[in-house]
Amino acid sequence: MTVFKSDFLNTLQERGFIHQCSDFEGLDALAAKGEATAYVGYDCTARSLHVGNYLTMMMLHWLQESGNKPITLMGGGTTMVGDPSGKDETRAIRTVAEIEANKASIRGVFAKVLRYGEGNSDAVMLDNAEWLTKLNWIEMLRDVGRHFSVNRMLTMDSVRLRLEREQEMSFIEFNYMVCQAYDFVELAKRAGCHLQMGGSDQWGNIIMGVDLGRRMGTHQLFALTTPLLTTASGAKMGKTAQGAVWLNADQFSPYDFWQYWRNTEDADVGKFLKLFTTLPMSEIRKLEALAGSEINEAKKVLATEATALLHGRDAANEAAETARRTFEEGALAESLPTVEIPRGELGAGLGVLNAFVKAGLVASNGEARRQIKGGGLRVNDELVTDEKMALSATHLTPEGVIKLSFGKKKHVLIRPA
């Protein structure tokens with residue numbers, strides 16, 4: 001293991017954040033003096049960021065903790081183009097109104113892990129719409145476009161993979177890496193930025209920005225990427241039966257977020273404690289050394305600490321207590337995720353298959369049937385054996401809800417409205 005001069009790179013290395021870096025020595029010297037300003041870009045393609053974005057947010061967190069300055073760049077401009085990285089088809093073009101609404105919804109999450117203000121190491125938030133939407137196309141082609149080699153652009157994974165699969169790539173998508181590279185140059189000039197960080201799938205785009213800065217006369221720029229995360233079993237991280245693991249509480253509740261981490265595979269507990277909590281490494285080493293059934297205690301710590309960082313300590317403790325009462329005492333915890341349905345639907349008899357789909361516990365009626373055959377679904381803790389079963393007011397508990405369970409760990413309350 002390399003010993004760096006800077007706390008920033010030592011921390012990232014020890015916690016498993018580092019995949020590639022364009023110049024370790026140069027970046028290390030800058031960060032050791034507290035003079036590294038770094039950014040991560042976040043496009044506004046949805047109302048919330050997801051747990052994959054949480055990884056780069058934590059990189060910015062450790063950058064700030066080491067006395068350096070983070071920039072969160074909102075992609076108000078690049079979202080209009082659409083990043084082709086990792087996509088098999090063109091992203092849907094979003095209206096300006098949609099992008100603005102998404103941007104407004106996303107903004108608040110960064111203050112959970114970063115400190116914003118006017119100080120030397122305080123975070124700042126910028127928006128690339130400020131410069132990208134004001135560019136004159138002919139001037140852009142002449143002043144910036146001339147520095148790009150189409151031959152090289154065709155070798156980038158975001159382009160090459162689409163062409164190899166004979167999947168169409170639009171001209172607007174082809175320009176995304178130009179916009180991203182120009183962002184880096186613009187941030188270098190406007191904010192003294194030195195470093196762009198991102199997932200390993202962004203390496204090519206980030207290096208384009210480093211090269212463009214050299215050609216356009218900025219100070220030296222650096223690239224640093226983190227590994228794309230998969231679970232120990234090889235699955236892509238951040239997906240559940242209900243869909244993406246969103247960071248906004250109104251799209252993925254603190255309880256669901258807590259439960260997501262509680263369900264971590266045994267082999268991933270140590271890795272996720274390092275990446276998604278701020279616990280000291282000495283404590284993490286003790287937790288990842290636990291074996292057998294004791295590893296479940298480490299999972300609870302992971303769930304509580306990751307949730308506390310994003311949603312606050314009170315919400316994390318409430319989620320942990322809800323889980324304890326539900327799983328250890330068999331109690332009906334009122335803070336379980338709740339889905340409201342029209343009272344009339346229950347009066348007419350709500351099919352059990354449809355109920356589990358509405359609750360988001362299964363994706364389809366067919367999946368619900370398969371789970372019933374395998375003994376995986378329960379209503380009010382009673383095993384469902386008849387796929388034609390209909391839920392009615394007689395199934396309401398004294399609390400006025402119906403508890404649906406998928407396995408031992410996934411529970412949703414149905415509440416008539």
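Just so you know, these numbers use all the heavy atoms, side chains as well, and skip hydrogens, waters and symmetry mates.
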Positive for side-chain contact (heavy atoms from CB on, under 4.5 Å) with Leu302, one of Leu279, Leu273, Ile284: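 When side-chain contact (heavy atoms from CB on, under 4.5 Å) is applied between Leu302 and each of Leu279, Leu273, Ile284, only Leu273 qualifies.
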I'd like to check [X] versus [Y] (side-chain heavy atoms, cut-off strictly below 4.5 Å). Are they in contact?
X      : Y      : value
Leu247 : Phe257 : yes
Val210 : Arg214 : no
Ile414 : Leu391 : no
Val113 : Leu310 : no
Leu12  : Phe8   : yes
Trp246 : Arg47  : no
Asn102 : Arg94  : yes
Leu275 : Leu55  : yes

Test ring-ring contact (aromatic ring centres under 6.0 Å, His included) on Phe110 and Tyr116; report intermediate values, then the result. CA-CA 9 Å; Phe110 296 105; Tyr116 287 83; 7.2 Å; no
Examine the side chains of [X] and [Y] and answer whether a donor and an acceptor come within less than 3.5 Å of each other.
X      : Y      : answer
Ser105 : Asn248 : yes
Asp143 : Tyr182 : no
Thr45  : Asp43  : no
Ser121 : Gln64  : no
His411 : Ser405 : yes
Thr56  : Tyr42  : yes

Can you name the nearest heavy-atom pair linking [X] to [Y], along with the distance?
X      : Y      : value
Lys69  : Gly119 : NZ-O, 3.1 Å
Glu35  : Asn68  : N-OD1, 3.1 Å
Gly76  : Asp127 : N-OD1, 3.0 Å
Ala355 : Leu404 : O-CD1, 3.6 Å
Val124 : Gly117 : CG1-O, 4.4 Å
Ala320 : Thr304 : CB-OG1, 3.9 Å

Using the side-chain contact (heavy atoms from CB on, under 4.5 Å) rule, take Leu377 and Leu361 through it: C-alpha gap first, then chi angles, then the decisive distance, then the call. CA-CA 9 Å; Leu377 303 185; Leu361 289 169; 5.9 Å; no
Once you round to the nearest 0.5 Å, how far does [atom1] of [X] lie from [atom2] of [Y]?
X      : Y      : atom1 : atom2 : answer
Asn53  : Ser48  : CG    : OG    : 8.0 Å
Glu98  : Thr95  : CD    : OG1   : 3.5 Å
Leu135 : Thr133 : CG    : OG1   : 8.0 Å
Leu132 : Thr79  : CG    : OG1   : 10.0 Å
Gln180 : Thr78  : CD    : OG1   : 7.5 Å
Tyr260 : Thr307 : OH    : OG1   : 11.5 Å

Are the side chain of [X] and the backbone N or O of [Y] linked by a donor-acceptor pair below 3.5 Å?
X      : Y      : result
Asn317 : Asp314 : no
Ser6   : Ala31  : no
Gln13  : Thr2   : yes
Asp268 : Thr264 : no
Asn136 : Glu139 : yes
Thr37  : Cys193 : no
Asn354 : Leu350 : no
Asp23  : Gly26  : yes
Ser253 : Pro337 : no
Thr155 : Arg152 : yes

Determine, stepwise, if the pair Ile402 / Val379 fulfils side-chain contact (heavy atoms from CB on, under 4.5 Å). CA-CA 7 Å; Ile402 302 173; Val379 173; 3.7 Å; yes
Between [X] and [Y], how do the two ring planes meet: parallel, tilted or perpendicular, split at 30° and 60°?
X      : Y      : value
Phe276 : Trp261 : tilted
Phe24  : Phe4   : tilted
His219 : His194 : tilted

Evaluate side-chain contact (heavy atoms from CB on, under 4.5 Å) for Asp211 paired with Phe148, printing each intermediate quantity in order. CA-CA 9 Å; Asp211 185 57; Phe148 286 82; over 6 Å; no
Lys410 and Gln259: CA distance, side-chain angles, deciding distance, side-chain contact (heavy atoms from CB on, under 4.5 Å) verdict: CA-CA 8 Å; Lys410 297 178 181 178; Gln259 197 61 50; 5.7 Å; no
Between [Y] and [X], does any NZ, NE, NH1 or NH2 come within less than 4.0 Å of an OD or OE carboxylate oxygen?
X      : Y      : answer
Glu25  : Lys5   : no
Glu100 : Lys103 : yes
Lys300 : Glu297 : yes
Glu321 : Arg324 : yes
Glu387 : Arg369 : yes

Show your working on side-chain hydrogen bond (donor to acceptor under 3.5 Å, both in side chains) between Asp183 and Trp131 and close with a plain yes or no. CA-CA 8 Å; Asp183 280 347; Trp131 52 85; 2.8 Å; yes
Has Asn263 got more than 12 heavy atoms of other residues, nucleotides or ligands less than 6.0 Å from its CG?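 Atom CG in Asn263 is packed in, count exceeds 12.
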Please lay out, stage by stage, how Gln196 and Asn205 fare under the test side-chain hydrogen bond (donor to acceptor under 3.5 Å, both in side chains). CA-CA 10 Å; Gln196 183 182 172; Asn205 288 354; over 6 Å; no
Salt bridge (charged side-chain N to carboxylate O under 4.0 Å, His left out) assessment of Glu305 paired with Arg313: CA-CA 8 Å; Glu305 292 302 314; Arg313 182 65 60 181; 2.9 Å; yes
